[in-house]
Amino acid sequence: MSIIQTQPLPPRTSNSNNTPAPASSKTPLPPLAKIEKQYRKFLAKRYISFAWRSGVWISIALSSSIVLYTGSFGKIPFAIILSLPVFVALAILLRTRKSYITQPPKHLPRPTLLGSSISSIWNERSITLLFSYAIFSLTISNVWCILVGSDELALFSPTTRHKLALNERRIVLCSSNLALFLVLGVKEVLGDKLKPVWPQKKIPFARAVQNSILDSLNFDTSNALSISLVWSIVVPFAYRIVLRGHVWQWVNWRIWALFLRPFIGSFARSSTRAPSAWTLAPQLLVLDLVALLVLQLPVKAMMPYLVQPLHFDAFYMKSPLSPERYLITALKSQDPYYLQFTLMELLRISHIPSHRKIFFSDISKSPNLVVELWQELLLQLGSINSKLSSSSTSVPRSSVPAKPSVPDPRAIPIKQGDIFRPIAKKQSTYGLKEILDGPIRSTPPAPEPIAKVGNLAIQKVEQVQTQVVHRIEATPIGTTALGEVRSCRQGAYDWMGKEWARRNIRLSAGDWILAQRIIEIMTTFAVASVEEDTYGYVQQVLPASLEAIVRVRASIMGLEARLVGQAVVLGQGREGAVCEIGRELGAARSACDNSIRRIGEKFGPSLGTFRFPPAIAQTLGEICKS
């Protein structure tokens with residue numbers, strides 16, 4: 001007889017109406033992920049406040065501009081409504097510029113002027129930036145034409161034959177404003193104006209924004225205004241003489257005749273309705289000034305909202321970790337953008353004795369605060385040094401000697417036991433035909449007359465070129481023109497050299513600002529430990545710190561020597577590249593030297609009690625004596 005085993009019934013639940021069961025609780029985030037989430041939320045709130053201020057500024061700028069231009073206060077509500085599409089277009093542009101700060105692009109270096117220019121503009125980031133500039137320009141120019149509300153700036157200008165003929169004046173104004181903003185965007189890309197500028201000291205946030213705006217208004221805005229003024233004068237006359245006189249006619253009657261003649265057919269005809277250059281110039285100048293007024297202030301004020309230090313006091317209150325453990329945990333982040341804020345906060349508290357006292361007075365048997373802090377700092381410094389050293393020791397392919405295609409007969413492996421084998425002789429090429437025909441003739445020499453003719457042709461061309469240059473220089477205008485051309489050419493080559501150097505440095509030492517802050521934090525703690533570190537925790541890790549700084553310095557010097565050696569391929573751009581390399585990497589090397597000198601001056605002869613590898617000890621001695 002089988003035995004029936006009873007099983008317990010499932011417990012009753014209140015889920016009798018087929019309601020879905022509650023989802024399982026989410027796994028808690030690790031401490032580092034929570035910290036980065038706090039960073040993101042704070043930066044997002046700060047950026048949203050910046051966006052709202054930008055929207056208010058757009059409304060004020062458009063309202064005041066239309067009142068000053070037309071004298072009608074009744075257009076203010078209409079201007080506030082039309083500021084919404086301008087705000088959306090500006091938000092797209094600002095978001096694109098923001099990506100250059102949070103994630104700086106790294107392009108491969110190009111040793112030619114044409115390659116550097118094309119690769120700077122023709123890449124995903126630059127094309128996106130220029131596209132956002134185009135969206136903003138088309139939006140603000142059409143919004144302004146709608147706000148003015150005159151028949152001269154309407155979208156359509158119907159004729160007796162075509163009711164949907166486009167208004168030539170509006171097309172010219174919008175197109176020229178678009179070209180102006182594309183030129184300004186290209187100028188920013190080529191001039192390296194989009195890189196992040198991290199603060200060197202903490203100041204009130206409002207004052208940081210004010211300083212950023214004032215510093216930019218002094219040079220950048222005046223330069224943009226001068227470009228727009230020249231642009232507003234040159235473009236109308238160039239359009240009237242070149243485009244309307246020749247280009248429009250050819251395009252209208254040969255290429256787009258079937259499709260666009262109903263819309264732009266009147267652009268090629270001489271008519272009293274055609275806009276004159278004298279009437280286009282002031283309208284274009286006003287449009288450019290309004291667009292720059294709307295754009296410049298938000299663009300210049302955006303940097304502090306992205307790089308100024310965070311409010312860590314609010315983070316400490318919401319975290320179960322102590323402030324010191326919080327920062328040590330945040331140091332484990334692999335995002336350079338977030339790591340900047342952590343290092344800025346650590347650098348700030350390293351100069352406050354009360355905060356240093358918390359680190360120095362920790363007597364826990366587990367790795368105390370000083371040891372844990374140093375461990376994370378050295379790990380981050382080691383990862384940066386690994387990039388520097390790998391790049392400085394890497395050998396370019398062009399410098400690797402090619403292996404000979406024919407094996408050397410003297411290179412006989414010893415393991416084969418053939419070291420006494422005679423050298424293989426070259427196989428004779430004598431045959432019956434050669435014996436009958438006579439002795440073998442050597443290979444005919446290279447055709448020297450052809451080479452001489454080529455050299456003579458080059459010399460003739462150079463002589464003619466020299467004569468033409470001398471004739472041009474004989475006149476005052478020619479001398480001035482040649483001087484300007486030569487200076488522009490040399491300026492282009494200098495830009496190529498600097499761009500090549502910047503790209504190489506960012507590929508190899510792009511995170512140097514992090515290493516500089518880490519070295520400064522360790523130096524500040526080490527100098528203060530002489531009087532404040534009662535238990536000698538810093539002295540235990542001081543040799544490793546000095547050795548790390550020396551190795552980073554050696555990697556920087558190796559990178560500098562490698563880049564200076566490779567700059568030979570730049571030709572006339574070598575001087576600019578060497579100056580840029582010396583300026584960037586020279587400042588990095590000086591930062592390492594100053595940190596070592598500060599520690600050496602504070603510890604004095606007692607520094608000799610530490611043991612270092614011979615090369616490290618020699619370098620430390622040379623730096624301290626210099």
Side-chain angles (χ1 to χ4, degrees), residues 31-32 35 201-202 309 312-313 315-317 319-333 339 341-382 514-553 591-613 616-617 619-621 623-625:
L32 179 59
I35 292 173
K201 59 181 181 179
K202 186 175 182 179
F312 278 85
D313 294 336
F315 300 162
Y316 299 151
M317 295 175 61
S319 175
L321 301 174
S322 63
E324 293 75 23
R325 297 284 180 187
Y326 185 94
L327 293 176
I328 292 174
T329 305
L331 276 176
K332 300 177 182 179
S333 176
L339 197 58
F341 298 107
T342 305
L343 292 175
M344 282 192 287
E345 177 66 11
L346 268 173
L347 187 60
R348 183 187 69 86
I349 69 173
S350 66
H351 290 86
I352 302 175
S354 59
H355 287 279
R356 292 197 303 260
K357 184 179 179 181
I358 298 175
F359 282 93
F360 293 145
S361 61
D362 184 26
I363 57 175
S364 57
K365 293 184 179 179
S366 60
N368 54 26
L369 293 175
V370 173
V371 176
E372 287 190 29
L373 175 64
W374 241 256
Q375 180 180 354
E376 298 301 331
L377 290 175
L378 289 177
L379 284 174
Q380 292 289 350
L381 191 60
L514 299 176
Q516 183 178 0
R517 295 193 190 279
I518 291 172
I519 291 172
E520 191 171 353
I521 290 169
M522 292 193 299
T523 304
T524 304
F525 271 100
V527 170
S529 67
V530 177
E531 299 176 356
E532 301 175 11
D533 188 8
T534 308
Y535 302 100
Y537 293 130
V538 175
Q539 296 181 11
Q540 297 176 9
V541 293
L542 186 59
S545 306
L546 290 172
E547 183 175 351
I549 296 174
V550 171
R551 293 191 184 279
V552 170
R553 178 181 179 272
C592 296
D593 294 346
N594 294 335
S595 299
I596 294 174
R597 290 193 192 98
R598 285 178 58 191
I599 296 175
E601 291 174 359
K602 194 67 178 179
F603 280 84
S606 61
L607 198 63
T609 58
F610 299 112
R611 293 190 175 275
F612 300 98
I616 303 296
T619 305
L620 287 173
I623 295 173
C624 292
K625 290 178 183 178

Exercise for the section: Compute the ring centroids of Y535 and F360, then answer whether they are less than 6.0 Å apart. Expected result: no

Practice task
For C624 and G600, work out which heavy atoms get closest and say how close.
Solution key: SG-CA, 4.4 Å

Practice task
Begin from the C-alpha positions of L546 and I616 and carry the test side chain to side chain contact (heavy atoms under 4.5 Å, CB included) through to its verdict.
Solution key: CA-CA 9 Å; L546 290 172; I616 303 296; 6.0 Å; no

Practice task
Report yes or no: does E532 contribute a side-chain atom to a donor-acceptor pair with the main-chain N or O of R356 at less than 3.5 Å?
Solution key: no

Problem - Ionic contact status for R551 with E547, cut-off 4.0 Å - result: yes

Practice task
Mind running side chain to side chain contact (heavy atoms under 4.5 Å, CB included) on L327 and I349 for me, showing each step along the way?
Solution key: CA-CA 11 Å; L327 293 176; I349 69 173; 3.5 Å; yes

Handout entry: N/O donor-acceptor pair under 3.5 Å between Q380 side chain and L339 backbone
Key = no

Practice task
Would you mind reporting whether L373 and L331 have side-chain heavy atoms less than 4.5 Å apart?
Solution key: yes

Practice task
Rounded to the nearest 0.5 Å, what's the gap from NZ on K357 to OG on S354? Could you check?
Solution key: 9.0 Å

Practice task
Compare all side-chain heavy atoms of L542 with those of F603 and state whether any distance is below 4.5 angstrom.
Solution key: yes

Handout entry: Side-chain heavy-atom pair P323, F312 within 4.5 angstrom cut-off
Key = no

Handout entry: Heavy-atom side-chain contact between L607 and K602 under 4.5 Å
Key = no

Problem - Atom pair CG (L381) and CD1 (I518), whose distance is rounded to the nearest 0.5 Å - result: 5.5 Å

Exercise for the section: Begin with the C-alpha distance, continue with both residues' side-chain angles, and end with the deciding distance and a verdict on side chain to side chain contact (heavy atoms under 4.5 Å, CB included) for T619 and I596. Expected result: CA-CA 10 Å; T619 305; I596 294 174; over 6 Å; no

Problem - A330 backbone acceptor or donor facing S333 side chain under 3.5 Å - result: no

Handout entry: L514 CG to L377 CG distance, which is reported to the nearest 0.5 Å
Key = 11.5 Å

Problem - Side-chain heavy-atom pair K201, R348 within 4.5 angstrom cut-off - result: no

Exercise for the section: Give, for atom CE of M344 and atom CZ of R517, the distance between the pair rounded to the nearest 0.5 Å. Expected result: 5.5 Å

Practice task
Measure across L378 and A548 and return the closest heavy-atom pair with its distance rounded to 0.1 Å.
Solution key: CD2-CB, 3.9 Å

Problem - Non-hydrogen side-chain atoms of W374 and F525 separated by less than 4.5 Å - result: yes

Problem - Polar side-chain atom of T524 near backbone of E520 as donor-acceptor pair, under 3.5 Å - result: yes

Problem - Over all atoms of both residues, closest heavy-atom pair of I623 and R597 - result: O-NE, 3.5 Å

Practice task
Tell me whether the centres of the aromatic rings in Y326 and Y316 are closer together than 6.0 Å.
Solution key: yes

Practice task
Check whether any side-chain heavy atom of T329 sits under 4.5 Å from a side-chain heavy atom of E376, and report yes or no.
Solution key: no

Handout entry: side chain to side chain contact (heavy atoms under 4.5 Å, CB included) between C592 and I519, intermediate numbers included
Key = CA-CA 7 Å; C592 296; I519 291 172; 3.9 Å; yes

Problem - Distance, nearest 0.5 Å, that separates OG of S545 from CD1 of I599 - result: 7.0 Å

Exercise for the section: Using modelled atom types only, decide if a donor and an acceptor are shared between the side chain of H351 and the backbone of L347 within a distance under 3.5 Å. Expected result: yes

Handout entry: 4.5 Å side-chain heavy-atom contact, T523 and N594
Key = no

Practice task
Find the distance between OG (S350) and CG (L343) and round it off to the nearest 0.5 Å.
Solution key: 10.5 Å

